Amino acid sequence: MQGRRLATTDELIAIVSPDSDETLARLAEWTDERGMDLSTVDVGDDIGDVYDENRATLGVTLGGDGTFLEGIKTFSPRNIPQLGVNTGTLAFLARVEPEDLADALDETLRGRAAVDSRQQIHVDAPGVDATGINDVMIQQVPPENPIDRKVTRLDVYADEEYVGEFEGTGLAVSTPTGSTGISLSASGPVHYPVNNHTLQIVPLHTHKLGVRPIVVSPETELRIVTQGQASLLVDGGRAHTILTADDEIAVTGADQLAHVVRTSYDDHFFTAITKKLGWDVRDAEVPDEKRLENRSPTRSGTTGESTGFVERALTVATEAAQAAGEPLRELHGQVESVHHKTDKSDIVTEADHQADRIITTVVRNEFPNHNLFSEESTRQRGTDSDYTWVIDPLDGTGNFAHGNPNYSISIALIETGEPVLGVVYVPETDELFTGIADGGAWRDGDPIETTDRDALDESMLISGYDPDGTFLSHFYQESRGVRRLGSAALNLCYLASGSADAVWEHDTYPWDIAAGLVIAREAGARITDEAGEAFCFSLETDGRTALLGSNGPLHPALLEHMEDGVPALTQSEGEA
Ligand code: IPD
Ligand code: CA
Ligand code: CA
């Protein structure tokens, strides 16, 4: 997976370099035709006056890589995804050409573009506190007399351990994005930047044969101490200062990632370095026989099956769930630090709606004829299609509202009434559960199956909503434990993957369990109602039903104990 989907865009803000008038006119025409708002600012100007944080904004830069870097400074602190259009000459970061602008934006609007997160670098030194996306250079200051000494010495520490003395012109610490810049020209390695969160130290014009580039994690605290005067430049001088002897420079990975939009109109990484940097071991166009998709007819990633409708649907559901996970993770972090109930519920409502909007946009764009049935928005049925997507954009709202990580996103595809595909994504752990009817069930791509325990006193049970505690009181003493975790979709995935032997839900809505049903059944679970009759999935009533799921062998013992114990179903208010 190369990055999340970008699903919603309400408005565009463009940072425009001089000499980009023609491209700006194309952009204005494109937004006009679609009735979208476009605000423009010159390079270096703030977007504070035109940016509305409640709208889904796409940042666009029109210019070369310099403008792109300005865009990063402006957009990344606001978490705005950024698309770079190249009106410059040799752009490496701004990769969409002006003639592809409209198509690239259409793709983005349709939820087909991806957003890659890029590692940034943070520098704290006397007079500089800055974040960059490329690199930090610490170098000698040219001597007044050109024949005077031209080297500098820098002492480098990593997490308090002394790395050594770097002697030469200086050193660069670069991100994967910056690895193809100054660090490349100093013989540093090229980093494949997708999901690559590392930093590297590269000596510049070193006089020592033994010193090599070093790769560190973004958490590593690098400390660089000057032995004499030195200049410090962040991203080629976007922040800079002159340091004196014994100054300390703290360098580490920035918490703030940059979000870069990638469309099919961008060159992929190795194509870009082939065209622009002379990468010599392939041609710019990959010959047909070298294309991976032509080598193995059964490649499809998650299931190993040939690519067909269900696999495409699985990919779309997975991407939609992972895209929706991003705002949920962000908002979940805010919930934990909010103390007033009203604010909290605002965030939770916002979370439900943002996730819902992303999922429904992605699914609707990919399958415009299918029905959508979401807890939070649409119950659009009645089209001719046999297919209905059933969505719970946030299952486990109660947990979410209390800062508990046990919540999930549930997306299922129903074919003529039967759930045939399920995706449950857990944003906080980045776990992905998937299932295809008659195809299998997987966690993060690995097959899963239920346990085979048949003794109640060895079993671990999960209870969903249990209004008067009957399930708990009947099974707590009889089993190894009854857990109450708070997300019905996830409960079924735990049954499927063997972390529980059975689950009980006193009443559920179809969106709580549609995806989990496919996953659990495919992993070998038996799912019935409270009386042991096969569980009947239905969208017809929107009503709540009871569900007893187990690994199979445990089912008789569970039913036996339930006979007197569990209260008759009522249309009780469920919990959030
Ligand atoms: C709830 C959760 C919970 C279950 C409730 C559901 P929500 O869904 O799945 O575990 O016991 O019955 O309503 O409201 O968080 O989407
Ligand atoms: Ca739910
Ligand atoms: Ca929900």
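As the structure is a prediction and not an experimental result, all values here were calculated from the model. Note that ligands are numbered from 1 as they come in the structure, with each ligand's atoms numbered from 1 the same way.
Only side-chain heavy atoms of Asp512 come within less than 4.0 Å of ligand 1; its backbone N, CA, C and O stay farther off. With a 4.0 Å heavy-atom cut-off, ligand 1 is reached by the backbone of Ser487 but not by any atom from C-beta on. Of all the heavy atoms of Asn491, none lies under 4.0 Å from any atom of ligand 1, so neither backbone nor side chain is involved.
Taking distance alone, with nitrogen or oxygen atoms compared against 3.5 Å, Ala489 stays at or beyond that limit from ligand 1. Checked against a 3.5 angstrom limit, the closest N/O atoms of Asp392 and ligand 1 fall inside it. An N or O contact shorter than 3.5 Å links Gly486 to ligand 1 by distance. Ligand 1 has an N or O atom lying under 3.5 Å from an N or O atom of Leu394, backbone or side chain.
Heavy-atom separations between His506 and ligand 1 are all 4.0 Å or longer.
Within the listing of ligand 1, atoms 16 (O) sit less than 4.0 angstrom from a heavy atom of Glu375. Counting the atoms of ligand 1 from 1 in the order shown, those under 4.0 Å from a heavy atom of Thr397 are 7 (P), 14 (O), 15 (O), 16 (O). Those atoms of ligand 1 with a heavy atom of Asp507 less than 4.0 angstrom away are 12 (O).
What you find for Leu257 and Gln120 is that their closest heavy atoms are C-NE2, 3.9 Å. The two atoms that bring Val96 and Ala104 nearest to each other are CG1-CB, 3.9 Å, heavy atoms only. Leu27 and Leu101 get closest at one heavy-atom pair: N-CD2, 3.8 Å.
With respect to the Ca ion (ligand 3), Glu375 has OE1 as its nearest N, O or S atom. The atom name of the N/O/S atom in Asp395 closest to the Ca ion (ligand 2) is OD1. In Asp512, the N, O or S atom that comes nearest to the Ca ion (ligand 2) is OD1.
Classification of the Tyr387-Phe309 ring pair by plane angle, with boundaries at 30° and 60°, yields tilted. Between Tyr407 and His332, the ring planes are tilted. Angles from 30° to 60° get that label. Aromatic ring pairs are classed by plane angle as parallel below 30°, tilted from 30° to 60° and perpendicular above 60°; the pair Phe471 and Phe475 is tilted.
For the pair Asp46 and Arg78, the salt-bridge criterion is met [side-chain N within less than 4.0 Å of a carboxylate O]. A salt bridge links Asp37 and Arg55; the closest N-O separation between the charged side-chain nitrogens and carboxylate oxygens is under 4.0 Å.
Inclusion of Leu394 in the first shell of the Ca ion (ligand 3) is supported: an N, O or S atom falls under 3.0 Å. Residue contacts to the Ca ion (ligand 3): Asp392 brings an N, O or S atom closer than 3.0 Å.
In this structure, a donor-acceptor pair under 3.5 Å is absent between the side chains of Gln256 and Thr131. A donor-acceptor contact closer than 3.5 angstrom links the side chains of Trp30 and Asp106.
Separating the CD1 atom in Ile448 from the CZ atom in Phe433 is a distance of 6.0 Å, to the nearest 0.5 Å.
Within the set Asp352, Leu485, Asp395, the minimum heavy-atom distance to atom 9 (O) of ligand 1 is found for Asp395.
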